[in-house]
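This report refers to the structure that appears directly beneath it.
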Amino acid sequence: MNAVYKQLPSLIRASLEGDIRTVEMSALSIIRKIKEDDPKLSMELAEIISTYSAGAPLTRSIGITPPPVDNESFMSLVNVNDSTTFDEIVVLDNHVERLIKQFLAERKQISKLIANDLKPPNSILFYGPPGVGKTLLSKFIAHSLSLPLITLDLSSAISSYLGKTGQNLKKVLDYGKNNPSVLLLDEFDAVAKRRDDPTDLGELKRIVNVLLKELEEWPTHSIIIGATNHHEFLDKAIWRRFDLKIEIPLPGEEQRFKLWKLNMNKGTIEIQDIIIKAIAKAFNHVSPSDIKQISQYVLRQTIINGSDPIKVLIEKLREVNNDDRSNFNKILIFALKEIYEGKISQAKIANLLGISVSTVNHHLKSSIK
């Protein structure tokens with residue numbers, strides 16, 4: 001495998017530079033080297049190369065036709081992703097995890113449901129605040145069911161194609177229906193608003209009627225997912241059409257601990273679980289996206305500047321929580337005291353938080369009063 005690894009830099013460089021010939025030659029070389037150890041993978045790579053050699057685009061190589069384009073700009077209306085490349089870890093709260101597992105189990109037993117005259121679920125509405133993982137979860141579902149993910153950002157589609165929104169949306173919906181796939185309609189509230197909304201455009205009211213019909217008749221072989229940060233704006237009839245309505249909330253303490261641990265501990269940097277538990281307990285109004293961004297910042301500072309990751313993390317959290325720094329310090333002090341079961345000195349707390357011992361003492365005394 002070492003010989004294969006050595007080819008990766010040139011392969012990636014050629015891919016980014018659009019040097020298809022070098023990509024093809026590198027891929028053929030890799031196929032030869034792994035043929036004995038992994039015949040299945042070598043065959044899959046060979047099929048991809050042969051498909052490209054025949055002049056077919058990426059979409060054909062993963063089993064679907066080329067995506068629809070806008071008639072005037074000739075730009076693709078959707079992004080198509082091969083879900084087999086998905087390798088992220090998804091951390092969900094227990095309730096959402098149970099719902100997703102049940103949905104996947106039912107999708108994998110479609111024939112049994114149909115044999116018993118039951119309609120398999122094929123539509124989901126994800127709603128919740130920004131950054132909680134609605135798009136990531138859609139990718140996970142596509143990966144779990146070995147289906148390509150087709151994504152349309154509806155807010156962008158409207159601003160780019162005002163006056164043609166209905167026509168282009170119909171193209172995308174037909175594309176999703178005709179190709180076994182997971183079709184993700186992101187920013188779903190942009191077109192599925194209540195029809196009694198006086199601020200809305202007339203065309204968007206007509207689009208709601210199109211969506212109602214499409215959701216009612218969506219084929220079994222495909223899945224349609226709507227994702228929104230503002231479910232309160234959705235038309236009630238649209239809401240009822242989805243088989244599952246799943247709220248993705250901000251993560252709870254246990255989920256936050258898992259997310260901080262996943263994003264912070266990357267091998268070269270390890271922060272004690274007891275510190276991560278305190279952070280997870282004290283810092284609660286945070287999304288998975290926030291945790292990932294903050295963690296990336298801390299890791300960069302630690303790797304490049306040799307900074308203390310704990311101190312950088314706490315300072316970054318204090319900066320993000322700038323509206324109430326004093327209360328944040330207080331919450332974190334008591335989180336540390338609770339997790340250490342009281343067996344931690346004020347000096348150690350002060351050192352960890354980058355504050356004075358007198359500040360720690362003040363907060364502890366104020367709670368006693």
Side-chain angles (χ1 to χ4, degrees), residues 40 43-44 47-48 51 58-68 78-128 133-152 169-186 188 192 210-228 234 237-248:
K40 183 178 178 182
M43 180 59 70
E44 185 177 348
E47 288 176 359
I48 292 172
T51 302
L58 168 65
T59 48
R60 290 196 188 279
S61 72
I62 59 176
I64 61 175
T65 55
V78 294
N79 291 321
V80 181
N81 293 299
D82 180 0
S83 64
T84 60
T85 61
F86 181 83
D87 61 355
E88 296 188 56
I89 297 174
V90 179
V91 179
L92 303 170
D93 79 353
N94 293 334
H95 176 65
V96 174
E97 185 174 15
R98 282 195 299 271
L99 292 174
I100 297 301
K101 281 184 175 179
Q102 181 62 30
F103 175 80
L104 293 175
E106 291 176 10
R107 288 297 307 183
K108 291 174 181 179
Q109 299 276 346
I110 284 180
S111 57
K112 186 180 290 187
L113 291 174
I114 293 175
N116 285 276
D117 197 27
L118 292 170
K119 174 184 173 290
N122 62 358
S123 60
I124 308 176
L125 178 67
F126 287 138
Y127 64 99
K134 298 182 286 291
T135 301
L136 180 67
L137 194 47
S138 301
K139 292 178 181 178
F140 172 73
I141 288 173
H143 170 72
S144 300
L145 298 174
S146 300
L147 292 171
L149 177 70
I150 303 168
T151 305
L152 170 65
L169 180 59
K170 188 67 169 64
K171 286 183 182 180
V172 171
L173 292 169
D174 287 343
Y175 183 65
K177 287 192 299 183
N178 294 331
N179 294 279
S181 59
V182 174
L183 173 61
L184 171 61
L185 303 178
D186 205 4
F188 190 60
V210 172
L211 285 170
L212 286 169
K213 184 174 183 295
E214 295 292 348
L215 284 167
E216 188 71 30
E217 300 175 356
W218 199 254
T220 300
H221 62 253
S222 283
I223 296 167
I224 184 168
I225 297 176
T228 178
L234 295 182
I238 288 280
W239 178 274
R240 290 194 297 270
R241 288 296 194 279
F242 283 95
D243 294 322
L244 276 80
K245 279 80 70 173
I246 302 178
E247 180 178 12
I248 315 295

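- Note that CD1 of I224 and CZ of F188 are 6.5 Å apart. Values are rounded to the nearest 0.5 Å.
- Every residue two or more places apart in sequence or in another chain was checked for a side chain to side chain donor-acceptor pair (under 3.5 Å) with S146, and none qualifies.
- For E247 against V96, the heavy-atom pair with the smallest separation is O-CG2, 3.6 Å.
- Annotation for V78 and P68: closest pair CG2-CD, 4.3 Å, computed over non-hydrogen atoms.
- Pairing each heavy atom of S181 with each of S222, the nearest pair is N-OG, 3.2 Å.
- Within 6.0 Å of the NE2 atom in H95, the count of heavy atoms belonging to other residues, nucleotides or ligands does not exceed 12.
- Atom CD1 of I225 is separated from atom CD1 of I141 by 4.5 Å, given to the nearest 0.5 angstrom.
- Residues L137 and I100 meet the side-chain proximity criterion, which asks for heavy atoms closer than 4.5 Å.
- Contact detail for L113 and P121: the closest heavy-atom pair is CD1-CD, 4.3 Å.
- The closest side-chain heavy-atom distance from Y175 to T65 is below 4.5 Å.
- The closest side-chain heavy-atom distance from L92 to F140 is not below 4.5 Å.
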Extract all donor-acceptor atom pairs below 3.5 Å that involve side chains of residues 239-246 and protein atoms in other chains or at least two apart in sequence.
residue, atom, partner, partner atom, Å
R241, NE, E216, OE1, 2.9
D243, OD1, K119, NZ, 3.4
D243, OD2, K119, NZ, 3.2
D243, OD2, N122, N, 2.8
D243, OD2, S123, N, 3.3
D243, OD2, S123, OG, 3.3
K245, NZ, F242, O, 3.1

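- Considering only heavy atoms from C-beta on, L125 stays 4.5 Å or farther from I238 through its side chain.
- Considering CD1 of I114 and CD of Q109, their distance stands at 12.0 Å, rounded to 0.5 Å.
- With salt bridges taken as basic N to acidic carboxylate O contacts below 4.0 Å, one links K177 and D174.
- Contacts of K139 classified as side chain to side chain contact (heavy atoms under 4.5 Å, CB included), with partners at least two apart in sequence or in another chain: F86, T135, L149.
- For the residue pair S83 and A142, the shortest heavy atom distance occurs at OG-O, 3.3 Å.
- The structure places CD of E106 at 14.5 Å from NZ of K101, a figure rounded to the nearest 0.5 Å.
- Atom CG of L212 is separated from atom CD of E214 by 10.5 Å, given to the nearest 0.5 angstrom.
- Here the CG atom belonging to L173 is positioned 10.5 Å from the CD1 atom belonging to I150, to the nearest 0.5 angstrom.
- The backbone N or O of G128 sits less than 3.5 Å from a side-chain atom of K134, completing a donor-acceptor pair.
- No salt bridge links E44 with K40; every basic N to acidic carboxylate O contact stays at or beyond 4.0 Å.
- The two residues T84 and H143 have their closest heavy-atom pair at CA-ND1, 4.1 Å.
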